[in-house]
There are 2 protein chains.
Amino acid sequence: MSVDEWADLTPTARTILGFVAQHPRSGYDIREAARRSVSYFWGVSDGQLYPQLKLLAELGLIESPQEDPGARSKSVWHITPAGRAALTKWIRSPSAPLRMRDENLVKMMFAAELEPAEVLRLVDERRKSFEWFAKNVASPGPAQSWQADQKLGSRTTSELLHEYGKQHTENALAWCDQVEEALRGIANDRA
Amino acid sequence: MSVDEWADLTPTARTILGFVAQHPRSGYDIREAARRSVSYFWGVSDGQLYPQLKLLAELGLIESPQEDPGARSKSVWHITPAGRAALTKWIRSPSAPLRMRDENLVKMMFAAELEPAEVLRLVDERRKSFEWFAKNVASPGPAQSWQADQKLGSRTTSELLHEYGKQHTENALAWCDQVEEALRGIANDRA
DNA sequence: ACCTCATATCTCTGTCAGATATATCTGTCA
DNA sequence: TGACAGATATATCTGACAGAGATATGAGGT
């Protein structure tokens, strides 16, 4: 593999590589791991996952013990030395700018010219989605045995990452409160 | 236009419709407005903008005074009654789930197994990008004359939206502090 | 023997971002 | 009045990507 080839990998492919680097995994494992751990700041879709695994294998960055494992049987991938080198280089290169799509907020902006009741509906929708999120994603799962998780002082990196998600969620919920309070202000004016 | 046609619009098209609804705008205006106001929770890419404008016009949701204005002269779009109805229906329908791509955080997760120095580099990168953001995007521009901005108690909706962006940013920066502090903890252990 | 659910992979469609190309308009200094 | 820079304005193309759904396999129960 030439030095330039890994540079062409998509961000998704590199993320997948990172998961395989942590410990050997199948495609399905990666999907589940991504769901649990990074789903609020990164999504890995099926449509990408398997083709990218194949690509990474072709580039020699990952490999699976049994060659051509017949049809749909599970194949467990592990990282090669070349893969590990590629991963490190990726981590050291500049990151893509943050990107977000939050349709609820966009609507909120345009709802400014509508009834206060519309804004209230949107805030309610927002609150519900973040509450769901707090329950299902932002809480840290049990520590995994394979995790050689760097201790950063008293806390592990994955604890810190979950902390970030938690703070983000609480912040969003607090903002919902602020908007509702402002809306109650109107109601009081009119009463 | 049938009721079903507007339902097929993409989220991007609906966002564009929202901008035109606020007041008449050209494609370029929309692009700039999106840059200033929503760029941190929604992106409108050039590749989408003009085709979608054309589509909205074909559906009769927006129109431009001069028909076929020859070549590349500026055309200013304004919303039609049908367009306004479509917009309202959109705002009342369920929103797409929030989506995010934050490559820096992903790297942070995988850097857990590397040197603390790598994590430090990533935190530094993160801080810089959010500081840039605080300066260039998260601050409210001057109020526009066309803004019939709903007063929610003492504050307008756009003030509240900017407030959200600001809180998000401050939160992210505070988290950078936390991580760095944890890293200093290590340094002290070793000293 | 059948059913059901979790596991596992693959494919297809349409959305989308970013880069790039290109035309027009406006001011400004010669 | 003409050349030029820089802002305004529109258009196109490529490849990344999400989400849905199709398909297959195994384990456990009835």
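We name chains A, B, ... by the order of the sequence lines, and we start the count at 1 in each one.
Of the candidates D:dT8, D:dG19, C:dG18, D:dT8 carries the atom nearest the B:Tyr28 side chain, counting heavy atoms from C-beta on. In the set D:dA18, C:dC16, C:dT11, the nucleotide with an atom closest to the side chain of A:Asp46 is C:dT11. The B:Pro97 side chain lies nearest to D:dG19 when the options are C:dT9, C:dT11, D:dG19.
One atom, CE of A:Met100, and another, C1' of C:dC16, lie 17 Å apart when rounded to the nearest Å. Per the geometry, CG belonging to B:Leu53 stands 13 Å off P belonging to D:dA9, to the nearest Å. As rounded to whole Å, 12 Å separates atom P of C:dA8 from atom CD1 of A:Ile30. For the pair B:Arg101 CZ and D:dG19 P, the computed distance is 10 Å after rounding to whole Å. Taking atom OH of A:Tyr50 as the reference point, atom P of C:dT11 lies 12 Å away to the nearest angstrom. Between A:Trp77 atom CH2 and C:dT9 atom P the separation is 9 Å, expressed in whole Å. Rounding to whole angstrom units, NZ of residue B:Lys54 and P of D:dT10 are separated by 12 Å. Here C:dA6 presents its P atom at 17 Å from CG of A:Asp29, a figure rounded to the nearest Å.
Base pairing annotation: C:dA1 forms a Watson-Crick or G-U wobble pair with D:dT30, both donor-acceptor distances under 3.5 Å.
Side-chain nitrogen and oxygen atoms of B:Ser75 include at least one within less than 4.0 Å of the OP1 or OP2 phosphate oxygen of D:dT10. At least one side-chain nitrogen or oxygen of A:Thr12 sits closer than 4.0 Å to the OP1 or OP2 atom of D:dC17. Residue A:Thr10 places at least one side-chain N or O under 4.0 Å from the OP1 or OP2 atom of D:dC17.
Nearer to the 5' terminus of DNA chain D, by closest-nucleotide assignment, is the contact made by B:Pro51 (compared with the other of B:Pro51 and A:Ser45). Residue A:Ala13 is the one, among A:Arg31 and A:Ala13, whose nearest nucleotide of DNA chain D lies closer to the 5' end (criterion: closest heavy atom).
Ring orientation note: the planes of A:Tyr40 and A:Phe133 are nearly perpendicular, at an angle over 60° on the 30°/60° scale.
For the pair A:Arg101 and B:Trp42, the cation-pi criterion (under 6.0 Å, within 45° of the ring axis) is fulfilled. Because its NZ or CZ atom is both nearer than 6.0 Å to the ring centre of B:Tyr164 and within 45° of the ring axis, A:Arg126 counts as a cation-pi partner of that residue.
In plain terms, the two heavy atoms of A:Leu122 and A:Asn104 that are nearest each other are O-ND2, 3.1 Å.
Within the nucleic acid shown, A:Arg99 comes within 4.0 Å of sugar-phosphate atoms alone, with no base atom in reach, counting heavy atoms only. Within 4.0 Å of A:Gly47, counting heavy atoms only, lies at least one base atom of the nucleic acid.
Side-chain contact check for B:Glu103 and A:Trp90: at least one donor-acceptor pair (N or O, by modelled atom type) lies under 3.5 Å.
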